[in-house]
Protein chains: 2
Amino acid sequence: MSEIQRPGALYQQVAAAIREAILSGEFAPDSLLPSEAQLMARYGVSRPTVRNAIAALRAEGLIDVRHGKGSFVRASGQPVLTIERRISRTAEGKFAMPNGDIWQEAEQPSTYRTRTTKDTGRLLQLGEEEALFGCDRLLIDPSTGTRAMHRTLIPFEVAETVPLLGKEPCKPPAAIYWVLTQAGHTLTWTETVRARMPLPDERTTLQLPDATPILHVARIAHDADDRPLFLEQLRFGADRAELAYRITADKQPARHTRA
Amino acid sequence: MSEIQRPGALYQQVAAAIREAILSGEFAPDSLLPSEAQLMARYGVSRPTVRNAIAALRAEGLIDVRHGKGSFVRASGQPVLTIERRISRTAEGKFAMPNGDIWQEAEQPSTYRTRTTKDTGRLLQLGEEEALFGCDRLLIDPSTGTRAMHRTLIPFEVAETVPLLGKEPCKPPAAIYWVLTQAGHTLTWTETVRARMPLPDERTTLQLPDATPILHVARIAHDADDRPLFLEQLRFGADRAELAYRITADKQPARHTRA
DNA sequence: AGTCGTAACTCATAAGGACAAGTGACGTCA
DNA sequence: TGACGTCACTTGTCCTTATGAGTTACGACT
């Protein structure tokens, strides 16, 4: 019934109409949208057109479609888990992470040897194809069901100078910080944050819904002279979790790039 | 020709075949994929099936399709711009941001009055529907072409106690920090980072390609007693830019939640 | 030589039909 | 009563056909 003809393609007009209805609250979160047949009648278009419009809204993450049941307005709920990226030291000097104890390991960590890629090589200030110890963990926060993939990458170079690391390359991060500190290093950290769409295997491991990007954090532990010691990666679905940082003002003037 | 029949739907098999070819390097980045007609012949399927497969790869961000030209393997290039989220103070105590001078304002900042939403209310530790000054900027980094949307939200409460803010609510962040410091506040900051798919207006303003999430940073400036003073938001396409943070170890033991 | 039309390619949009598959409710039968 | 089969609903998949629209190159005409 409702006549539409404004922007461009038919299916985009239908999509826009439904989108407005959702954003204006006419269709409440978690409520059932009209079925494809009803939408066909409502807008006087064919089924492919309706499905095309629905596909567009799906790609925007506005709706979820369940086979045999219908299309539901996605509860655009904010993330339920805040991952605080901070590092603290106890009175004895040991390291503690604010999130260290919420995560459980879903399976045995898997360790392996690998080489730097263009990306990890740049972060570690190494060339490509340099040898690394790797350790992958699948983490779960039981209280929210949030899943995350954690990876530790330690250059052979570094592991050689720190016997404990070479023997057991797959320790929890806090333990690695402690070992390196005991070995005489003074640690500081930098993190870079990216977002991208998941690869198929990430989609399944992290159990992500449609149109859900993943947040990708890379934490580099630096020595006192600013040289990278090792790398931690954390990946998780951006629908359930967010990152939190603390910032304080430096005394030095801002630099644009790290030497 | 190449026979396929493994996982599930036909179009998924076709998509998987093309995806493998891309990830294995058979189709180089920026190269032209076979046309729809060629793919129909190659896999012996109909045009809708080919288009369905292509739509799936598009949603994954693996390919870009250009009307009249063809489908291209997306150069999965890492972000070209690193946005450092740090704050420095000059010898005179004024504030400087590492990125402060790379951004140019694409248009006049627009100021307005608004009210807290559930989300911004929580961040500012206010209720819903509390009055705010708002200021929106569209920023551009000319060297990379990266666009970003910046928003400042100042509660009326705060603006009233700081005359300079009330008169001119739309100052650059560094200037606001300075004004608040002059007014006797001691600032610290926290940031939360999220990623999500863009809304249609964000897609156009930020000129985002398909399947590109946006990174959403909310920076809260706190007073010495940890009460929020005001809020800055930054939004940009995750395809071009990444965030960088510095972390140092606290002396205090980690707390899980802020009081 | 330069301009412009046309043809031949590309993807985009739209309609129609048919059947498969998941879901839930209802009713029958043991 | 309980188990199960069937049916009516939903979306998923796949095909055919047709037309519109952006891109490029070639060639004819000026």
Side-chain angles (χ1 to χ4, degrees), chain A residues 2-19 22 27 30-74 200 203 209-211, chain B residues 3-19 22 27 30-74 200 203-204 209-211:
Chain A
S2 34
E3 284 305 320
I4 41 180
Q5 46 181 316
R6 311 319 304 284
L10 242 189
Y11 79 93
Q12 286 173 340
Q13 300 170 28
V14 174
I18 302 176
R19 187 189 300 115
I22 292 176
F27 294 125
D30 281 324
S31 69
L32 187 59
L33 254 56
S35 74
E36 295 181 357
Q38 289 170 326
L39 291 173
M40 288 167 66
R42 164 113 88 120
Y43 297 109
V45 297
S46 70
R47 184 149 176 244
T49 302
V50 166
R51 285 185 61 77
N52 214 341
I54 287 182
L57 299 175
R58 247 222 264 219
E60 295 174 24
L62 273 180
I63 63 175
D64 280 311
V65 180
R66 272 177 280 178
H67 189 169
K69 304 193 70 171
S71 303
F72 297 81
V73 180
R74 184 178 284 185
R203 270 209 56 167
D210 278 346
Chain B
E3 284 305 321
I4 42 181
Q5 46 180 315
R6 311 319 305 285
L10 243 190
Y11 79 93
Q12 285 173 339
Q13 301 170 27
V14 174
I18 303 177
R19 187 188 301 114
I22 291 176
F27 294 123
D30 281 323
S31 70
L32 187 59
L33 254 57
S35 75
E36 295 182 356
Q38 289 170 324
L39 291 173
M40 288 167 66
R42 164 113 87 123
Y43 297 110
V45 297
S46 72
R47 182 140 179 252
T49 302
V50 166
R51 285 185 60 76
N52 215 340
I54 286 181
L57 299 175
R58 243 220 266 222
E60 295 174 23
L62 273 181
I63 62 176
D64 281 311
V65 180
R66 271 176 281 177
H67 190 167
K69 304 193 71 171
S71 304
F72 298 81
V73 180
R74 183 178 286 186
R203 271 210 53 166
T204 58
D210 278 348

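Protein chains get the first letters and strands the later ones, always in sequence-line order, with residue 1 at the start of each.
Here P48(A) pairs with S46(A) under the side chain to side chain contact (heavy atoms under 4.5 Å, CB included) rule; sequence neighbours left out.
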Identify each donor-acceptor pair in which a side-chain atom of residues 62-69 of chain B lies under 3.5 Å from a protein atom, sequence neighbours left out, and give them as a table.
from: D64(B); atom 1: OD1; to: R74(B); atom 2: NE; distance (Å): 3.4
from: D64(B); atom 1: OD1; to: R74(B); atom 2: NH2; distance (Å): 2.8
from: D64(B); atom 1: OD2; to: R74(B); atom 2: NE; distance (Å): 3.1

Expected list for residues 51-58 of chain B: side-chain donor-acceptor pairs under 3.5 angstrom, two or more places apart:
from: R51(B); atom 1: NH1; to: E36(B); atom 2: OE2; distance (Å): 2.7
from: R58(B); atom 1: NH1; to: D210(B); atom 2: OD2; distance (Å): 3.0

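Minimum interatomic distance between A211(B) and A59(B) (heavy atoms only, all atoms of both residues): CB-O, 3.4 Å. Closest non-hydrogen pair, T49(B) versus Y11(B), comes out as O-CB, 3.6 Å.
Following rounding to the nearest Å, M40(B) (CE) and dT17(D) (C1') show an atom-to-atom distance of 11 Å. For the pair Q12(B) CD and dG12(D) P, the interatomic distance rounds to 11 Å; values are reported in whole Å.
Proximity of residues 57-73 of chain B to DNA chain D (heavy atom under 4.0 angstrom from any strand atom) is restricted to H67(B), G68(B), K69(B). DNA chain C is contacted by S46(A), R47(A), P48(A), T49(A) of residues 46-55 of chain A, taking any non-hydrogen atom closer than 4.0 Å.
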Test log, rule salt bridge (charged side-chain N to carboxylate O under 4.0 Å, His left out), inputs R19(B) and E60(B):
CA-CA 10 Å; R19(B) 187 188 301 114; E60(B) 295 174 23; 2.7 Å; yes
Can you list the steps and then say if L33(B) with L39(B) is a side-chain contact (heavy atoms from CB on, under 4.5 Å)?
CA-CA 9 Å; L33(B) 254 57; L39(B) 291 173; 5.5 Å; no
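Taken to the nearest 0.5 Å, the OG atom of S71(B) stands 9.0 Å off from the CD1 atom of I22(B). Interatomic distance, CZ of F27(A) versus CG of L32(A), reported as 9.5 Å (0.5 Å rounding).
Taking 4.0 Å as the cutoff to heavy atoms of chain B, we find the contact window on DNA chain C bounded by dT10(C) to dT13(C).
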